[in-house]
Amino acid sequence: MKRAIMAMLMTGLVIACQKVPLTGRNQLVLIPNNQMLPLSFSNYKGVLDSSRVVRSGGQEDMIKRVGARIQKAVETYMAANNLSERLNGFQWEFNLIESPQVNAWCMPGGKVAFYTGILPYTQNEAGVATVMGHEVSHAIAEHGNERMSEELVANGLLQGGQLVLGSLSQNQRSQTNALLLQAVGAGLPAAYQVGRALPHSRSQESEADKLGLIFMAMAGYNPQEAVNFWGRMAKAGSGQKPPEFLSTHPSDERRIRDLEKQMPDAMKYYQRASR
């Protein structure tokens, strides 16, 4: 019996191994979108219901304006690369939350949350576009699903190599919801950061940086502002307690050098968008 269960688990894991279409990197994705997206949308609503959502004003208008432009850029980019099916089921939403947290994140399915605490670092609309493009890129590359899949394996929340939400106990459901929030950066305990997120965060962050640069450029924002933003964040993270946003977003000289290397290609997108 144990051998049969192990065989089912290994079969599920093999089937779930896929490549990130945008980079070709292998990743483990165990949760199909027909389970992931409803789970994502439910948790996003839960965050909004328990937070002070900014409903009006210039900052809220800016978040929604930048979000709409990034969304259009993503949809255009995916269509041009024959990847539109990866956006099936997306229900885009962009909200600003009143909080001192220096943070922003995007749920699978295009649900974005910005915290007012990060706005002093973005400083302008192009800075917001830098963060927006970066966080949306995590969703496009299914980084949240990847991180959550790894945690599901580690926590034994799988049946036959799959997550079966309907058969989970209330405690297991709560654990699964917490794992999703952790996976997208809405609340990461130190054990996750050190044990699982950071070892492969470089590859995920590189993917999100590169795609985010393209998306903001296509949306008509000067990608050179990304270097300025990450420079500010690098300085903010040089103290004893870096902002929460940096807990899973390593900011260092290498990141900025990589952005500068990618800048000529991003500027081509920006120049076309500015015509």
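If you're wondering where the values come from, they're calculated on a predicted model, not measured in any experiment. All values below were derived from every heavy atom in this structure, side-chain atoms included, with hydrogens, water molecules and symmetry-related copies excluded.
Classification of the Tyr269-Tyr77 ring pair by plane angle, with boundaries at 30° and 60°, yields tilted.
Rounding to the nearest 0.5 Å places CG of Asp209 at 6.0 Å from CH2 of Trp230. Going from atom NZ of Lys111 over to atom CG of Asn43 covers 12.0 Å, rounded to the nearest 0.5 Å. For the atom pair CD1 (Ile118) and OG (Ser99), the distance works out to 11.0 Å, reported to the nearest 0.5 Å. Note that CG of Leu87 and CD of Gln71 are 9.0 Å apart. Values are rounded to the nearest 0.5 Å. With rounding to the nearest 0.5 angstrom, the CG atom of Leu96 is 8.5 Å from the CZ atom of Phe114. Atoms CD and CE, from Glu125 and Met132 in turn, are 9.5 Å apart once rounded to the nearest 0.5 Å.
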Please assess Ile97 against Val47 for the test side-chain contact (heavy atoms from CB on, under 4.5 Å), listing each intermediate value before the final yes or no. CA-CA 10 Å; Ile97 294 174; Val47 171; 4.1 Å; yes

Begin with the C-alpha distance, continue with both residues' side-chain angles, and end with the deciding distance and a verdict on side-chain contact (heavy atoms from CB on, under 4.5 Å) for Leu213 and Met263. CA-CA 8 Å; Leu213 209 60; Met263 197 60 62; 4.3 Å; yes

Ile70 vs Phe94, side-chain contact (heavy atoms from CB on, under 4.5 Å): CA-CA, chis, key distance, verdict: CA-CA 11 Å; Ile70 293 292; Phe94 309 93; 5.7 Å; no

Between Met62 and Val128, is a side-chain contact (heavy atoms from CB on, under 4.5 Å) present by the stated rule, with each step listed? CA-CA 8 Å; Met62 178 175 61; Val128 171; 3.8 Å; yes

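Here the closest heavy-atom approach between residue Ala104 and residue Val131 is recorded as CB-CG1, 3.7 Å. When every heavy atom of Ala126 is checked against every heavy atom of Tyr221, the shortest pair comes out as CA-CD2, 4.0 Å. In plain terms, the two heavy atoms of Glu135 and Cys106 that are nearest each other are O-CB, 3.3 Å. Of all heavy-atom pairs spanning Val102 and Gly117, the tightest one is CG2-O, 3.6 Å. Contact between Val112 and Val136 at its shortest, heavy atoms only, is CG2-CG2, 4.0 Å. The minimum heavy-atom distance between Gly46 and Ser50, with the atom names listed, is O-OG, 3.0 Å.
Between the side chain of Ser40 and the backbone N or O of Met107, no donor-acceptor pair lies under 3.5 Å. The backbone N or O of Met36 sits nowhere less than 3.5 Å from a side-chain atom of Asn33 that would complete a donor-acceptor pair. Under a 3.5 Å cut-off, the side chain of Ser274 and the backbone N or O of Tyr270 do form a donor-acceptor pair. Asp265 contributes no side-chain N or O that, together with a main-chain N or O of Gln262, makes up a donor-acceptor pair within less than 3.5 Å. Judged by distance alone, with hydrogens and angles left aside, the side-chain atoms of Arg232 form a donor-acceptor pair with the main-chain N or O of Thr122 at under 3.5 Å. Not a single donor-acceptor pair under 3.5 Å links the side chain of Ser51 to the backbone N or O of Leu48.
Between the side chains of Tyr44 and Trp105, no donor-acceptor pair of N or O atoms lies under 3.5 Å. Side-chain contact annotation: His138 with Glu205, donor-acceptor N/O pair under 3.5 Å present.
Glu75 has its side chain within reach of Trp92: a pair of non-hydrogen atoms, C-beta onward, lies under 4.5 Å apart. Contact check for Met216 versus Asn222: no side-chain heavy atoms found under the 4.5 Å cut-off. Taking 4.5 Å as the limit, some side-chain heavy atom of Met267 sits within range of a side-chain heavy atom of Pro223. Side-chain contact between Glu142 and Arg86 is present, with heavy atoms from C-beta onward closer than 4.5 Å.
Atom CZ of Arg52 has 12 or fewer neighbouring heavy atoms from other residues, nucleotides or ligands inside a 6.0 Å radius. No more than 12 heavy atoms of other residues, nucleotides or ligands lie within 6.0 Å of NZ in Lys72, so this atom counts as exposed by the packing criterion.
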